[in-house]
Amino acid sequence: MYCREIPLTVWVLMFISASEETCTSRLHITAVEGEPFYLKYCLSSPEHEKKTTTIKWYKNESHGPVDLNLSSSPRILLRGYVLEFWPVELTDSGSYSFQMGNDTHDWKLNVIPRSKHSCFTEKLVKSKAVEVKKSLQIACEHNYYQQLVNRTVLYKNCTKMENNQNPFLKNAEFKDQGYYTCVFFLHHNGKLFNVTKTFNITIVGDHSNIIPALLGPKIHEVKVKLGKDIQLNCSALLNEKDVIYWNTWRKNEKDPNVHEGEVTRTRTSEGKWLASTILRIENINTRNLNFAYNCTAVNQGGIDTKSFVLLVEEDMVDIPGHVFTRGMIVAVVISVVAVCLVTVGVIYRVDLVLFYRHFMGRDETLTAVVDEIHSLIEKSRRLIIVLSKSYMSSEVRYELESGLHEALVERKIKIILIEFTPIGDFRFLPQSLKLLKSHRVLKWKAEKSLSYNSRFWKNLLYLMPAKAVKPCRDESEVLPVLLKS
Ligand SMILES: *[C@@H]1O[C@H](CO)[C@@H](O)[C@H](O)[C@H]1NC(C)=O
Ligand SMILES: *[C@@H]1O[C@H](CO)[C@@H](O)[C@H](O)[C@H]1NC(C)=O
Ligand SMILES: *[C@@H]1O[C@H](CO)[C@@H](O)[C@H](O)[C@H]1NC(C)=O
Ligand SMILES: *[C@@H]1O[C@H](CO)[C@@H](O)[C@H](O)[C@H]1NC(C)=O
Ligand SMILES: *[C@@H]1O[C@H](CO)[C@@H](O)[C@H](O)[C@H]1NC(C)=O
């Protein structure tokens, strides 16, 4: 019968492989519930292989040993030196004994629950270190069940591997690190079982040590501002166990504003380590300047040191902060004052000029009245025209025209036009008067005569030429000639 043939085959195979390493010599054994499992007695020498000797298996319960030959569980098979579980369950935990003549052996079996969130049991992984760039090989072979295995699947970190080659073979890279689980599917008595074997593969750098080397120049000058914070980054290429540290101590004391950070390490693709440590200097003061903050990386093979020196930024050396601020304030104030003076000067231009004339002793000096209009005009430097309809006599008209002639043709006289009463109609005036610049036109708006200090007289005085004045002169004398009439 089919069912009888298979155990016989296994029996034969077991004898062939009896002296192999598949026997269980350890005292404490761990197994995972639900998987096929076996215990195999290790023969001390081939002479013991006497088929006549009776073999007994016991499970040591609290009330005494139980002979497993007499137990009726279909899961537990006794095959000479081997005790098989199809599969092993949590209740199988306990102490087992093998007895053959005077030889005995004991095992303590611990069956642990299957992991709910993982395809393997952490307690049962075999750790293996593989050097980077060396060959990484994962062979899914089972010494004991190999003949029964129907199919093998390889998982990496519980994800089925795309390329299901067996053995899995490649040049190791750091990304290959992880848990590799072989799942062997096997049939027994028409049922499908699986057995797992997990390798914890760690990729390690090559074992040749390098001399630690700090990155960057040996002396690093760092430009800083007083009162600010700075981070000095010291990094080195070194081996895993090498040390990197700061030397920030002065004689018998330590700066309270200098703080050394943790060392961070990252692995390079070459299998070496890039280690970095930060020195943080807060609120930089003059004590921190021109002092060598040294960083050292060291191992048995060598040492490397680098100095960081803080220097104050140059533009701040020449002008200390408070001087710079004061200078800026003075410059701004001077600018504002200058602008104000110019503005006042423009607004009070007339008053200022008159004030100047008064103090410099200059004034208009009027001659005694000249009879002849023409000679009068010739000697005049200004022609004041008072526009008034009621004052247009032929005499005035002559004065006006000859004055205009001097002004416009000879260009000896400057004209000042005073609108005594508002005049809409300028037809009676020569056309050329319309070309007069607006600032030379004064308007008389008042009903009665104005004081000498009024804006009208000041504006008129301003348009008049300046002349040296003799002291104690009567005010009325400074009035222009033509206004007298
Ligand atoms: C292996 O067998 C257990 C039960 O014995 C089952 O829970 C698990 O899913 C099986 N694993 C695979 C990969 O089929
Ligand atoms: C796997 O190996 C790494 C490195 O040797 C180790 O840190 C980790 O604890 C191991 N994991 C298990 C589950 O043993
Ligand atoms: C695995 O088992 C199936 C039947 O369950 C069978 O058809 C197949 O040939 C077996 N494969 C191997 C490699 O033994
Ligand atoms: C320090 O410098 C190293 C190398 O340049 C760099 O990898 C690291 O990120 C830096 N650390 C910090 C905190 O900036
Ligand atoms: C830092 O290194 C320099 C040069 O190697 C050395 O002169 C200086 O004394 C060191 N400073 C400290 C604080 O160790």
Side-chain angles (χ1 to χ4, degrees), residues 30 32 112-132 134 136 138 155-158 172-182 196-205 207 210 212-222 224 229-238 240-282 287-298 302-311:
T30 305
V32 189
I112 57 172
R114 184 170 279 276
S115 170
K116 284 188 182 68
H117 51 270
S118 177
C119 65
F120 63 90
T121 310
E122 288 200 0
K123 256 192 156 175
L124 293 178
V125 301
K126 282 196 183 111
S127 290
K128 206 173 152 189
V130 179
E131 221 174 271
V132 70
K134 297 280 166 63
L136 167 66
I138 292 156
Y155 292 77
K156 183 188 176 187
N157 297 327
C158 293
E173 294 173 66
F174 285 107
K175 67 179 170 66
D176 293 328
Q177 186 157 308
Y179 295 96
Y180 291 81
T181 305
C182 297
T196 59
K197 236 188 187 183
T198 302
F199 303 97
N200 176 12
I201 303 290
T202 307
I203 310 294
V204 294
H207 296 305
I210 54 164
L214 291 162
L215 309 184
K218 287 282 156 270
I219 296 173
H220 190 173
E221 294 186 341
V222 186
V224 294
D229 301 348
I230 194 157
Q231 293 196 348
L232 306 177
N233 181 350
C234 178
S235 299
L237 196 63
L238 37 67
E240 188 171 6
K241 301 273 159 59
D242 296 354
V243 190
I244 183 169
Y245 60 91
W246 286 96
N247 183 358
T248 63
W249 286 74
R250 296 166 193 274
K251 276 197 182 74
N252 305 323
E253 60 168 330
K254 197 176 197 295
D255 286 332
N257 63 335
V258 177
H259 309 284
E260 189 176 340
E262 297 284 306
V263 176
T264 58
R265 293 170 188 266
T266 48
R267 192 162 16 191
T268 67
S269 57
E270 290 79 32
K272 297 301 161 207
W273 293 81
L274 181 70
S276 294
T277 173
I278 301 289
L279 190 74
R280 189 173 156 75
I281 303 176
E282 288 167 353
R287 267 173 60 82
N288 303 122
L289 305 177
N290 304 312
F291 176 78
Y293 292 95
N294 292 349
C295 174
T296 300
V298 65
I303 184 166
D304 195 12
T305 295
K306 169 173 177 159
S307 302
F308 290 81
V309 181
L310 306 192
L311 301 174

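Heads up: numbering here begins at 1 and tracks the sequence. Since we're looking at a predicted model, the values are computed, not measured. Atoms within each ligand, like the ligands themselves, are counted from 1 in listed order.
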| query | Which of the numbered atoms in ligand 4 are below 4.0 angstrom from a heavy atom of Ser276? | reply | 1 (C), 3 (C)

| Listed partners of Lys218 passing salt bridge (charged side-chain N to carboxylate O under 4.0 Å, His left out), at least two apart | Asp304

| message | I'd like to check which ligand 2 atoms, numbered from 1 as shown, lie under 4.0 Å from a non-hydrogen atom of Tyr179. | response | 1 (C), 10 (C), 11 (N), 12 (C), 13 (C)

| note | Residues at least two apart in sequence or cross-chain that pass side-chain hydrogen bond (donor to acceptor under 3.5 Å, both in side chains) with Trp246, listed by chain then number, are Thr277

| query | At a non-hydrogen distance cut-off of under 4.0 Å, which region of Ile278 contacts ligand 4 (side chain, backbone, both, or neither)? | reply | side chain

| What atoms of ligand 2 come within less than 4.0 Å of a heavy atom belonging to Val125? | 12 (C), 13 (C), 14 (O)

| task | Check each atom of ligand 2 against the heavy atoms of Thr202 and keep those under 4.0 Å away; list them by number with element. | result | 2 (O), 3 (C), 4 (C), 5 (O)

| Backbone or side-chain N or O of Ser127 under 3.5 Å from ligand 2 N or O | no

| Can any side-chain N or O of Arg280 pair as donor or acceptor with the backbone N or O of Asp229 at less than 3.5 Å? | no

| message | Can you confirm whether more than 12 heavy atoms, excluding those of Glu262, are under 6.0 Å from its CD atom? | response | no

| Under 3.5 Å donor-acceptor, Asn157 side chain and Tyr179 backbone | yes

| message | Can you confirm whether Ile138 sits close enough to Lys128 that some side-chain heavy atom of one is under 4.5 Å from a side-chain heavy atom of the other? | response | no

| said: Looking only at the side chains, is there a donor atom on one of Ser235 and Asn233 sitting less than 3.5 Å from an acceptor on the other? | reply: yes

| remark: Taking only non-hydrogen atoms of Asn233 and a 4.0 Å limit, the atoms of ligand 4 in range are 1 (C), 2 (O), 3 (C), 8 (C), 10 (C), 11 (N), 12 (C), 14 (O)

Pick out the protein N or O atoms lying less than 3.5 Å from any N or O of ligand 5, and list each pair with its distance.
unit_1: ligand 5; atom_1: 2 (O); unit_2: Asn294; atom_2: OD1; d: 3.3
unit_1: ligand 5; atom_1: 2 (O); unit_2: Asn294; atom_2: ND2; d: 2.3
unit_1: ligand 5; atom_1: 11 (N); unit_2: Asn294; atom_2: ND2; d: 2.8
unit_1: ligand 5; atom_1: 14 (O); unit_2: Asn247; atom_2: ND2; d: 3.1
unit_1: ligand 5; atom_1: 14 (O); unit_2: Asn294; atom_2: ND2; d: 3.2

| Presence of salt bridge, Lys254 and Glu260, under 4.0 angstrom | no

| What residues, two or more places apart in sequence or in another chain, satisfy salt bridge (charged side-chain N to carboxylate O under 4.0 Å, His left out) together with Glu221? | none

